[in-house]
A.B. asks: 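Take this structure, written in structure tokens, and hold onto it; I'll ask about it next.
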Amino acid sequence: MLTVSLPDGSRREYPQPVSVAEIAESIGPGLAKAALAGKVDGQLVDTSHVLEHDAEVSIVTDRDDDGVEVLRHSCAHLMAQAVQRLFPEAQVTIGPVIDDGFYYDFSYSRPFTPEDLSAIEQTMAEIVKEDLGVERSVLARDEAVELFRGMGEHYKVEIIESIPSDEPLSFYRQGEFIDLCRGPHVPSTGKFKAFKLTSVAGAYWRGDSNREMLQRIYGTAWPNAKELRLHLKRLEEAEKRDHRKIGKQLGLFHFQEEAPGMAFWHPKGWTIYQTIQSYMKRKQDDNGYLEINTPQLVDFSLWEKSGHAAKFSEEMFTVESDNRQYAIKPMNCPCHVQVFNQGIKSYRDLPLRLAEFGSCHRYEPSGSMHGLMRVRNFVQDDGHIFCTEEQIQSEVARFNEFLFGIYRDFGFDEIVLRLSTRPQKRVGSDELWGQAEDALKQALDATGLDWQLAPGEGAFYGPKVEYSLRDCMGRLQQCGTIQVDFFTPGRLGAQYVAEDNSRRTPVMLHRAALGSFERFIGVLIEHYAGALPVWLAPVQAVVMNITDNQADYCREVGDSLKSKGFRVGLDLRNEKIGFKIREHTIQKAPWLLVVGDREAQSGSVSVRKLGGEDLGKMTIEAFSERLGGEVARRGRTG
RNA sequence: GCCGCUAUAGCUCAGCCGUGGUAGAGCAGCUGACUUGUAAUCAGCAGGUCCCGAGUUCGACUCUUGGUGGCGGCACCA
């Protein structure tokens with residue numbers, strides 16, 4: 001006799017060992033049909049899993065996240081089976097679940113084409129119709145190696161051989177197809193209702209760029225056709241919001257062949273850039289930072305001293321002049337240490353917070369560039385805090401508050417924090433690391449927010465916190481960071497005189513809130529689909545006339561608003577008002593002011609919001625007050 | 001950097017393979033008419049070294065090849 005407790009709190013008794021599928025069946029035929037897997041005492045298992053003892057059990061269907069994940073994982077197997085039916089020579093490798101879908105990597109003599117993808121999709125549909133049972137089995141490692149070697153699946157053999165020999169290996173078979181897999185999987189290939197293969201791309205075997213390139217096929221799978229459709233629609237929406245596309249449509253910036261990875265900023269884009277920069281300058285001034293500026297070109301020897309040349313010399317642009325080698329600076333920190341090093345510093349000077357809108361150049365690999373998101377020339381809102389070990393925690397806490405306020409001003413309310421701790425290869429004593437990691441933890445706890453731990457992912461010179469914001473598409477965008485550095489100040493000879501008159505090396509905190517202006521603007525454009533909040537909009541309002549009669553009055557309105565510091569455009573062209581409205585709506589101007597004889601006579605403007613809302617006539621004073629209030633609120637929603 | 005795809009007018013894209021014979025649309029631009037009330041007024045005109053180099057060919061936007069840029073991934077990201 002064994003007792004099964006179900007999620008609703010009910011209990012069922014079974015006289016003998018029972019499978020998850022049988023439990024589902026005993027609850028109801030509908031559930032039995034929907035069952036994709038089971039959860040037994042918190043562990044995900046196949047529906048064929050047999051319970052020997054009392055347990056808490058839930059039946060996993062496509063209504064659970066776990067169920068969808070099982071579905072996607074099994075869909076990867078389905079695809080691999082289809083590929084091998086069509087291309088028997090293709091070798092299978094790995095096929096995991098990713099966000100919204102799955103992929104599977106294959107080794108094959110030629111690249112797969114889009115036509116291949118649709119053929120594979122068709123074959124997948126056939127296998128679904130065949131409704132093949134999926135069976136789990138366990139093999140000893142040597143048997144498994146022999147089996148896959150016999151099948152010519154050399155990549156699988158390599159995987160199996162890399163698994164410790166005492167671990168039991170599970171396999172899943174559906175029809176003629178068998179794959180090494182931890183599982184669980186759906187009970188049969190008839191369970192798939194909505195999937196699509198989305199793309200094919202190259203990917204290195206085992207993620208190692210020194211090894212062969214495989215062919216990765218990406219797919220997506222959903223519980224039903226409707227959800228698949230919604231997913232594809234979301235992708236379409238994301239494409240519409242692509243900052244490269246919007247940047248072109250709104251005339252914000254461009255790239256061209258002569259300067260790969262370096263933006264040419266147009267007037268409107270540069271206005272956004274400058275608006276953000278002056279906002280950041282003000283924030284940093286208020287927060288105790290001292291703004292500095294350091295050279296673009298610095299003798300290569302400084303990069304050797306700082307240790308960067310050893311690791312990144314390939315990624316640095318260099319310039320030779322008068323037999324001297326210079327590097328165009330790839331980062332600002334060594335220069336900031338030079339500023340710190342001028343004159344004698346006392347413990348009384350600490351913490352010393354230096355900030356620079358530092359333009360950096362890095363020779364990023366050609367394939368890694370992506371619009372404004374990854375460029376070769378970018379400006380960081382960079383800052384370095386020189387402080388003592390004891391000051392780390394309060395400085396990090398201070399930075400947290402600083403950064404949260406800034407993100408809220410830009411309209412981002414959800415922030416994800418991640419603490420990266422000591423890696424294998426590192427400098428500094430364990431004691432120092434422990435102290436720094438504790439300081440960061442305490443500062444993070446003090447925020448009252450959840451944070452994630454990324455063990456071993458810190459820089460070699462110290463632990464760090466990364467701040468990601470969630471955009472309106474639900475994507476996480478890593479922007480801010482604060483990094484403890486025990487290494488660079490000492491290496492570059494930074495010192496201060498301590499209370500006891502001894503010479504000590506300060507700790508340096510590298511920090512940035514936005515990361516780079518380029519990337520942050522890219523994120524903003526996508527988040528707002530180009531319709532930036534008024535405080536950031538390059539043109540905040542457009543005044544337009546109905547006929548030539550009101551042109552002079554429009555100019556007066558424009559001048560009056562400009563004198564109050566607003567960014568105003570005039571559209572006095574001889575065009576119909578509908579045409580002008582359409583054009584400025586497409587250009588995402590947040591406020592449109594229509595002026596005809598009625599307004600000109602009464603000294604007012606007719607006010608229309610970007611979305612089409614008509615606020616009717618108001619005086620120029622009333623409008624500018626409204627606009628001013630909106631600018632002051634920035635992007636804050638709450 | 002690696003795999004695949006790709007580059008035609010300011011922009012978005014046809015044409016290109018089968019079938020090699022120096023290009024077409026819409027929007028934007030210019031000119032003219034129209035003076036207009038909340039998402040496209042009408043007519044006319046003009047606009048291209050078909051990314052760059054080499055090859056095949058009587059002839060290359062088209063085929064082959066080498067570059068460069070871009071796109072989708074992978075790898076990288078101080």
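Each chain gets a letter, A, B and so on, in the order its sequence line appears, and its residues count up from 1. Atom set for the values below is all heavy atoms of this structure, side chains included, hydrogens, waters and symmetry mates excluded.
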A.B. asks: Determine the contact category for A:Ile577: base if any of its heavy atoms lies under 4.0 Å from a base atom, sugar-phosphate if only primed atoms, P, OP1 or OP2 are that close, otherwise nothing.
C.D. replies: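 Sugar-phosphate, backbone atoms only, no base.
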A.B. asks: Under a 3.5 Å distance rule, please check whether A:Arg491 uses its side chain to pair with a backbone N or O of A:Lys305 as donor and acceptor.
C.D. replies: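 Flag set: sc A:Arg491 to bb A:Lys305 pair under 3.5 Å.
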A.B. asks: Provide the Watson-Crick or G-U wobble partner of B:C17, both distances under 3.5 Å; none if there is no partner.
C.D. replies: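 Across all strands, not a single nucleotide pairs with B:C17.
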A.B. asks: Looking at A:Phe106, does the NZ or CZ of A:Arg216 lie under 6.0 angstrom from its six-membered ring centre and within 45 degrees of the ring axis?
C.D. replies: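 No, cation not above the ring by the 6.0 Å, 45° rule.
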A.B. asks: Could you tell me the Watson-Crick or G-U partner of B:U65, where both distances fall under 3.5 Å? Say none if there is no partner.
C.D. replies: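 Its partner is B:G53 (Watson-Crick or G-U wobble, both distances under 3.5 Å).
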A.B. asks: Checking contacts here: which listed nucleotide (B:A39, B:G37, B:G4) is nearest the side-chain heavy atoms of A:Val594?
C.D. replies: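 The answer is B:G37, which lies nearest to the side chain.
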A.B. asks: What is the per-nucleotide protein-contact pattern of nucleotides 65-78 of chain B, from the 5' end, where B denotes a base atom under 4.0 Å from a protein heavy atom, S denotes such proximity for sugar-phosphate atoms only, and - denotes neither?
C.D. replies: ---BS-SBBBBBBB
A.B. asks: Which nucleotide, if any, forms a Watson-Crick or G-U wobble pair with B:A78, using both distances under 3.5 Å?
C.D. replies: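 In the structure as shown, B:A78 has no Watson-Crick or wobble partner.
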A.B. asks: Would you please confirm or rule out a distance under 4.0 Å between OP1 or OP2 of B:A39 and any side-chain N or O of A:Arg608?
C.D. replies: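 For B:A39, OP1/OP2 do have a side-chain N/O of A:Arg608 under 4.0 Å.
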A.B. asks: Which base sits across from B:G37 as a Watson-Crick or G-U pair, both distances under 3.5 Å?
C.D. replies: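 Here B:G37 is not engaged in any pair, so there is no nucleotide opposite it.
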A.B. asks: Is A:Arg422 close enough and on-axis enough to A:Phe460, meaning under 6.0 Å and within 45°, for cation-pi?
C.D. replies: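 Ring-cation test returns no.
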A.B. asks: For A:Asn210, report the nucleic acid contact type (base, sugar-phosphate, nothing); a contact means any heavy atom under 4.0 Å.
C.D. replies: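 Nothing, no nucleic acid heavy atom in range.
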A.B. asks: With rounding to the closest Å, how many angstrom separate the C1' atoms on B:G21 and B:U65?
C.D. replies: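 Taking atom C1' in both B:G21 and B:U65, they lie 23 Å apart.
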A.B. asks: With rounding to the closest Å, how many angstrom separate the C1' atoms on B:U62 and B:A14?
C.D. replies: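 One C1' to the other, the span is 14 Å.
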A.B. asks: Between A:Leu214 and A:Leu610, which residue's closest nucleotide on RNA chain B lies nearer the 5′ terminus?
C.D. replies: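 That would be A:Leu214.
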A.B. asks: Could you let me know what B:A25 is paired to, Watson-Crick or G-U wobble, both distances under 3.5 Å, or none if it's on its own?
C.D. replies: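 When the pairing criteria are applied, B:U12 turns out to be the nucleotide that pairs with B:A25.
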A.B. asks: Would A:Arg72 count as a cation-pi partner of A:Trp222, with NZ or CZ less than 6.0 Å from the six-membered ring centre and within 45° of the ring normal?
C.D. replies: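 Yes.
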A.B. asks: When we call it a touch if two heavy atoms are under 4.0 Å apart, what does A:Gly596 touch: a base, just sugar-phosphate, or nothing?
C.D. replies: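 Touches a base.
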A.B. asks: Report which part of the nucleic acid A:Glu575 touches: base, sugar-phosphate, or nothing (heavy-atom distance under 4.0 Å, all strands).
C.D. replies: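 Answer is base: heavy atoms of A:Glu575 come under 4.0 Å of a base.
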A.B. asks: Counting only Watson-Crick pairs (N1-N3 plus N6-O4 or O6-N4) and G-U wobbles (N1-O2, O6-N3), all under 3.5 Å, who is the partner of B:A43?
C.D. replies: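 WC or wobble partner is B:U31.
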A.B. asks: Just jot down the salt bridge (Lys or Arg N to Asp or Glu O under 4.0 Å) partners of A:Glu583, sequence neighbours excluded, or say none.
C.D. replies: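 Partners of A:Glu583 under the salt bridge (Lys or Arg N to Asp or Glu O under 4.0 Å) test: A:Arg573.
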A.B. asks: Hey, which of A:Tyr104, A:Tyr103, A:Phe102 is the one that makes side-chain contact (heavy atoms from CB on, under 4.5 Å) with A:Tyr218?
C.D. replies: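 When A:Tyr104, A:Tyr103, A:Phe102 are each tested with A:Tyr218, the side-chain contact (heavy atoms from CB on, under 4.5 Å) holds only for A:Tyr103.
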A.B. asks: Applying a 4.0 Å non-hydrogen cut-off, can you work out what A:Gln587 is touching in the nucleic acid: base, sugar-phosphate, or nothing?
C.D. replies: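 Nothing, no nucleic acid heavy atom in range.
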A.B. asks: Could you check whether A:Thr113 gets within reach of a base, just the sugar-phosphate, or nothing at all, counting any heavy atom under 4.0 Å?
C.D. replies: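 No contact.
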A.B. asks: Could you walk me through whether A:Phe623 and A:Trp591 satisfy the ring-ring contact (aromatic ring centres under 6.0 Å, His included) test, starting with their C-alpha distance in whole Å, then the side-chain angles of each, then the deciding distance to 0.1 Å, before giving a yes or no?
C.D. replies: CA-CA 10 Å; A:Phe623 174 71; A:Trp591 292 97; 5.7 Å; yes
A.B. asks: What nucleic acid atoms does A:Lys580 come within less than 4.0 Å of, heavy atoms only: base, sugar-phosphate, or nothing?
C.D. replies: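 Answer is nothing: A:Lys580 stays at 4.0 Å or more from every strand.
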A.B. asks: Is A:Arg362 reaching over with its side chain to a backbone N or O of A:Glu315, donor-acceptor style, under 3.5 angstrom?
C.D. replies: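 No: the side chain of A:Arg362 does not pair with the backbone of A:Glu315.
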A.B. asks: Please give the distance between the P atoms of B:C51 and B:G10 as a whole number of Å.
C.D. replies: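 Approximately 12 Å lies between the P atom of B:C51 and that of B:G10.
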A.B. asks: What does B:G72 pair with, Watson-Crick or G-U, if both distances are under 3.5 Å?
C.D. replies: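 B:C3 - that is the nucleotide pairing with B:G72, both distances being under 3.5 Å.
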A.B. asks: Give none if B:G48 has no partner; otherwise give the nucleotide forming a Watson-Crick or G-U wobble pair with it, both distances under 3.5 Å.
C.D. replies: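 Its partner is none (no Watson-Crick or G-U wobble pair with both distances under 3.5 Å).
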